[in-house]
Amino acid sequence: HGALFRTIDAGQHWQKISLPISDSVNFYMNDVNFLTAQTGLITTESRIGDEGKQIQHDIWYTSNGGQRRKHVVTPISTGISSNSITLSDEKTWWLVDNQNSFGQTNNSKPLMYVTYNAGSTWQERTLPVTDRLATNPQVVERPRFFSSHDGVIQVAFRKAGQPYGG
(Lines give C-alpha, C1' and ligand atoms only; values in the text may rest on other atoms or scores of the structure.)
Protein backbone atom coordinates (compact mmCIF):
# COMPACT_ATOMS: atom_id res chain seq x y z
CA HIS A 1 0.00 0.00 0.00
CA GLY A 2 1.03 3.61 -0.16
CA ALA A 3 -0.08 7.15 0.36
CA LEU A 4 0.68 10.45 -1.27
CA PHE A 5 0.63 13.71 0.68
CA ARG A 6 1.04 17.31 -0.45
CA THR A 7 1.99 20.49 1.32
CA ILE A 8 1.54 24.04 0.05
CA ASP A 9 2.90 25.78 3.18
CA ALA A 10 6.47 24.44 3.50
CA GLY A 11 5.41 21.38 5.50
CA GLN A 12 3.29 23.03 8.18
CA HIS A 13 0.25 21.06 7.00
CA TRP A 14 -0.07 17.98 4.81
CA GLN A 15 -3.11 16.90 2.79
CA LYS A 16 -3.57 13.30 1.68
CA ILE A 17 -4.17 12.91 -2.04
CA SER A 18 -6.50 10.04 -2.80
CA LEU A 19 -5.09 7.55 -5.26
CA PRO A 20 -7.01 5.86 -8.08
CA ILE A 21 -6.61 2.43 -6.48
CA SER A 22 -8.73 0.90 -3.75
CA ASP A 23 -7.12 0.34 -0.36
CA SER A 24 -8.19 -3.31 -0.67
CA VAL A 25 -5.84 -3.84 -3.62
CA ASN A 26 -2.24 -4.83 -2.93
CA PHE A 27 -0.37 -2.01 -4.63
CA TYR A 28 2.43 0.45 -4.22
CA MET A 29 3.63 3.58 -5.95
CA ASN A 30 6.70 3.05 -8.07
CA ASP A 31 7.25 6.71 -8.72
CA VAL A 32 5.84 10.21 -8.38
CA ASN A 33 7.26 12.39 -11.14
CA PHE A 34 6.05 16.02 -11.28
CA LEU A 35 7.13 18.63 -13.80
CA THR A 36 5.36 21.43 -11.91
CA ALA A 37 3.30 21.62 -8.74
CA GLN A 38 0.24 20.81 -10.87
CA THR A 39 1.45 18.54 -13.69
CA GLY A 40 2.82 15.09 -13.05
CA LEU A 41 2.68 11.33 -13.37
CA ILE A 42 2.11 8.67 -10.71
CA THR A 43 3.32 5.15 -11.51
CA THR A 44 1.73 2.27 -9.59
CA GLU A 45 2.11 -1.49 -9.41
CA SER A 46 -0.77 -3.74 -8.32
CA ARG A 47 -0.88 -7.43 -7.49
CA ILE A 48 -4.03 -8.78 -9.07
CA GLY A 49 -5.59 -12.05 -10.16
CA ASP A 50 -5.48 -15.41 -8.45
CA GLU A 51 -3.59 -14.96 -5.17
CA GLY A 52 -2.00 -11.76 -6.46
CA LYS A 53 0.34 -13.58 -8.83
CA GLN A 54 -0.22 -11.17 -11.71
CA ILE A 55 1.34 -7.72 -11.71
CA GLN A 56 -0.38 -4.75 -13.30
CA HIS A 57 1.54 -1.53 -13.98
CA ASP A 58 -0.35 1.73 -14.38
CA ILE A 59 0.52 5.34 -15.04
CA TRP A 60 -1.78 8.16 -13.92
CA TYR A 61 -1.54 11.75 -15.20
CA THR A 62 -2.64 14.81 -13.25
CA SER A 63 -2.79 18.43 -14.31
CA ASN A 64 -4.21 19.74 -11.02
CA GLY A 65 -1.77 18.59 -8.36
CA GLY A 66 -3.22 15.10 -7.99
CA GLN A 67 -6.80 16.05 -7.23
CA ARG A 68 -7.98 14.27 -10.40
CA ARG A 69 -6.09 11.71 -12.40
CA LYS A 70 -6.36 10.25 -15.90
CA HIS A 71 -5.21 6.70 -16.63
CA VAL A 72 -2.50 6.70 -19.31
CA VAL A 73 -2.51 3.87 -21.84
CA THR A 74 1.07 3.07 -22.85
CA PRO A 75 2.52 0.92 -25.65
CA ILE A 76 3.94 -1.48 -23.05
CA SER A 77 2.23 -3.31 -20.21
CA THR A 78 5.26 -4.62 -18.33
CA GLY A 79 8.57 -3.12 -17.37
CA ILE A 80 7.14 0.13 -16.01
CA SER A 81 9.10 1.01 -12.90
CA SER A 82 10.37 3.97 -10.95
CA ASN A 83 12.85 4.85 -13.67
CA SER A 84 10.52 4.33 -16.64
CA ILE A 85 8.86 7.64 -17.48
CA THR A 86 9.64 11.33 -17.41
CA LEU A 87 8.11 14.55 -18.65
CA SER A 88 10.09 17.03 -20.72
CA ASP A 89 7.07 19.36 -20.90
CA GLU A 90 3.34 19.09 -20.17
CA LYS A 91 2.59 17.09 -23.33
CA THR A 92 5.95 15.49 -24.15
CA TRP A 93 6.76 12.38 -22.13
CA TRP A 94 9.42 9.70 -22.55
CA LEU A 95 8.84 6.07 -21.56
CA VAL A 96 11.67 3.52 -21.31
CA ASP A 97 10.71 -0.11 -21.91
CA ASN A 98 12.68 -1.67 -19.07
CA GLN A 99 11.30 -5.13 -19.80
CA ASN A 100 12.64 -5.15 -23.35
CA SER A 101 15.72 -2.99 -22.83
CA PHE A 102 17.77 -5.90 -21.57
CA GLY A 103 18.98 -7.17 -24.91
CA GLN A 104 15.81 -9.17 -25.54
CA THR A 105 14.40 -7.34 -28.55
CA ASN A 106 15.25 -4.86 -31.27
CA ASN A 107 18.77 -6.20 -31.84
CA SER A 108 19.73 -5.42 -28.24
CA LYS A 109 19.15 -1.69 -28.62
CA PRO A 110 17.26 -0.06 -25.74
CA LEU A 111 13.66 0.82 -26.61
CA MET A 112 11.96 4.07 -25.70
CA TYR A 113 8.65 5.63 -26.58
CA VAL A 114 7.73 9.30 -26.82
CA THR A 115 4.38 11.06 -26.81
CA TYR A 116 3.91 14.65 -27.90
CA ASN A 117 0.21 14.76 -26.95
CA ALA A 118 0.09 13.76 -23.26
CA GLY A 119 -0.17 10.03 -23.88
CA SER A 120 -2.78 9.92 -26.65
CA THR A 121 -0.33 8.39 -29.14
CA TRP A 122 3.19 7.01 -28.75
CA GLN A 123 6.14 6.68 -31.14
CA GLU A 124 8.94 4.13 -30.75
CA ARG A 125 12.52 5.38 -30.49
CA THR A 126 15.80 3.50 -30.19
CA LEU A 127 19.08 4.74 -28.83
CA PRO A 128 21.81 4.93 -31.48
CA VAL A 129 24.28 2.78 -29.56
CA THR A 130 27.07 1.08 -31.48
CA ASP A 131 27.08 -2.68 -31.97
CA ARG A 132 29.94 -3.01 -29.49
CA LEU A 133 28.01 -1.10 -26.81
CA ALA A 134 24.69 -2.78 -27.67
CA THR A 135 25.97 -6.07 -26.28
CA ASN A 136 23.89 -6.76 -23.21
CA PRO A 137 22.50 -3.37 -22.08
CA GLN A 138 21.35 -3.90 -18.51
CA VAL A 139 19.92 -0.72 -17.03
CA VAL A 140 18.21 2.10 -18.85
CA GLU A 141 17.28 5.03 -16.64
CA ARG A 142 14.56 7.45 -17.65
CA PRO A 143 15.81 10.50 -19.52
CA ARG A 144 16.47 13.71 -17.60
CA PHE A 145 15.49 16.89 -19.42
CA PHE A 146 16.81 20.41 -18.84
CA SER A 147 14.31 21.91 -21.29
CA SER A 148 11.70 20.49 -23.65
CA HIS A 149 14.46 19.59 -26.15
CA ASP A 150 17.68 19.17 -24.15
CA GLY A 151 18.26 16.01 -22.11
CA VAL A 152 20.44 13.03 -21.24
CA ILE A 153 19.85 9.32 -20.63
CA GLN A 154 21.97 6.76 -18.79
CA VAL A 155 22.45 3.21 -20.08
CA ALA A 156 24.66 0.72 -18.24
CA PHE A 157 26.32 -2.10 -20.16
CA ARG A 158 28.22 -5.17 -19.06
CA LYS A 159 29.78 -8.19 -20.66
CA ALA A 160 27.84 -11.41 -20.28
CA GLY A 161 28.81 -13.22 -17.09
CA GLN A 162 30.55 -10.20 -15.56
CA PRO A 163 29.26 -7.89 -12.81
CA TYR A 164 28.66 -4.20 -13.44
CA GLY A 165 31.91 -2.35 -13.87
CA GLY A 166 33.54 -5.53 -15.27
Side-chain angles (χ1 to χ4, degrees), residues 2 4-11 15 17 19-21 28-46 55-159 164-165:
L4 184 62
F5 292 85
R6 179 172 184 192
T7 183
I8 57 172
D9 59 7
Q15 177 183 359
I17 297 174
L19 294 173
I21 299 190
Y28 68 93
M29 287 177 282
N30 281 343
D31 193 26
V32 178
N33 187 353
F34 275 72
L35 180 67
T36 68
Q38 299 298 311
T39 304
L41 298 167
I42 301 168
T43 307
T44 61
E45 180 178 299
S46 306
I55 298 175
Q56 176 177 317
H57 299 273
D58 291 294
I59 297 175
W60 304 89
Y61 170 74
T62 182
S63 60
N64 60 4
Q67 298 304 310
R68 287 188 314 270
R69 292 140 320 271
K70 173 186 161 195
H71 185 254
V72 177
V73 177
T74 67
I76 61 174
S77 60
T78 61
I80 299 172
S81 68
S82 61
N83 62 350
S84 292
I85 193 163
T86 195
L87 301 90
S88 58
D89 62 41
E90 289 187 8
K91 294 188 178 208
T92 306
W93 312 338
W94 292 85
L95 176 66
V96 174
D97 187 349
N98 286 315
Q99 186 69 32
N100 290 318
S101 290
F102 298 108
Q104 298 175 7
T105 63
N106 198 32
N107 298 322
S108 298
K109 293 190 178 184
L111 291 176
M112 296 186 304
Y113 298 88
V114 62
T115 178
Y116 297 106
N117 52 20
S120 294
T121 60
W122 295 86
Q123 300 171 20
E124 184 178 305
R125 297 287 191 260
T126 56
L127 286 173
V129 295
T130 64
D131 290 338
R132 188 178 71 123
L133 290 177
T135 304
N136 213 10
Q138 294 295 310
V139 178
V140 180
E141 296 287 334
R142 67 178 168 215
R144 307 284 186 214
F145 281 88
F146 314 111
S147 70
S148 62
H149 293 88
D150 185 9
V152 296
I153 188 169
Q154 173 190 352
V155 180
F157 300 91
R158 71 177 172 99
K159 294 180 182 178
Y164 288 107

For R68, does its backbone N or O pair with a side-chain atom of T62 as donor and acceptor, under 3.5 Å? yes
Taking side chain to side chain donor-acceptor pair (under 3.5 Å) as the definition, give me every residue that meets it alongside N117, ordered by chain and number, with sequence neighbours left out. T115, T121
In terms of side-chain heavy atoms, does S147 have a donor or acceptor partner in D150 at a distance below 3.5 Å? no
Report the distance from atom CG of D89 to atom NE2 of H149, rounding to the nearest 0.5 Å. 8.0 Å
Run the side chain to side chain donor-acceptor pair (under 3.5 Å) test against S88 and tell me which residues pass, sequence neighbours left out. none
Evaluate side chain to side chain contact (heavy atoms under 4.5 Å, CB included) for L87 paired with N33, printing each intermediate quantity in order. CA-CA 8 Å; L87 301 90; N33 187 353; 4.1 Å; yes
Verify, without hydrogens or angle tests, whether W122 (side chain) and V73 (backbone) share a donor-acceptor contact under 3.5 angstrom. yes
Is a donor on one side and an acceptor on the other found under 3.5 Å between the side chain of R69 and the backbone of Q67? yes
Is the count of non-hydrogen atoms from other residues, nucleotides or ligands lying under 6.0 Å from I8 atom CD1 greater than 12? no
Got V114 and M112 here, is their nearest side-chain heavy-atom distance under 4.5 Å? no
Do side-chain atoms of E124 reach the backbone of Y113 as a donor and acceptor pair under 3.5 angstrom? no
Minimum side-chain heavy-atom gap F34-V32 below 4.5 Å: yes
Hey, are the side chains of F145 and T92 touching, using non-hydrogen atoms and a 4.5 Å cut-off? no
Examine distances only and state if a side-chain atom of D58 and a backbone atom of H71 form a donor-acceptor pair shorter than 3.5 Å. no
How far does OG1 of T44 sit from CG of D31, to the nearest 0.5 angstrom? 11.0 Å
Grab the two heavy atoms, one from I17 and one from R6, that are nearest each other, plus how far apart they are. CD1-CB, 3.7 Å
Run through V152, L95, I153 and flag the one making a side chain to side chain contact (heavy atoms under 4.5 Å, CB included) with P143. I153
Could you report the tightest heavy-atom contact between R125 and Y116, atom names first, then the distance? NH2-OH, 3.6 Å
Are any of the side-chain heavy atoms of V72 and I85 separated by less than 4.5 Å? no
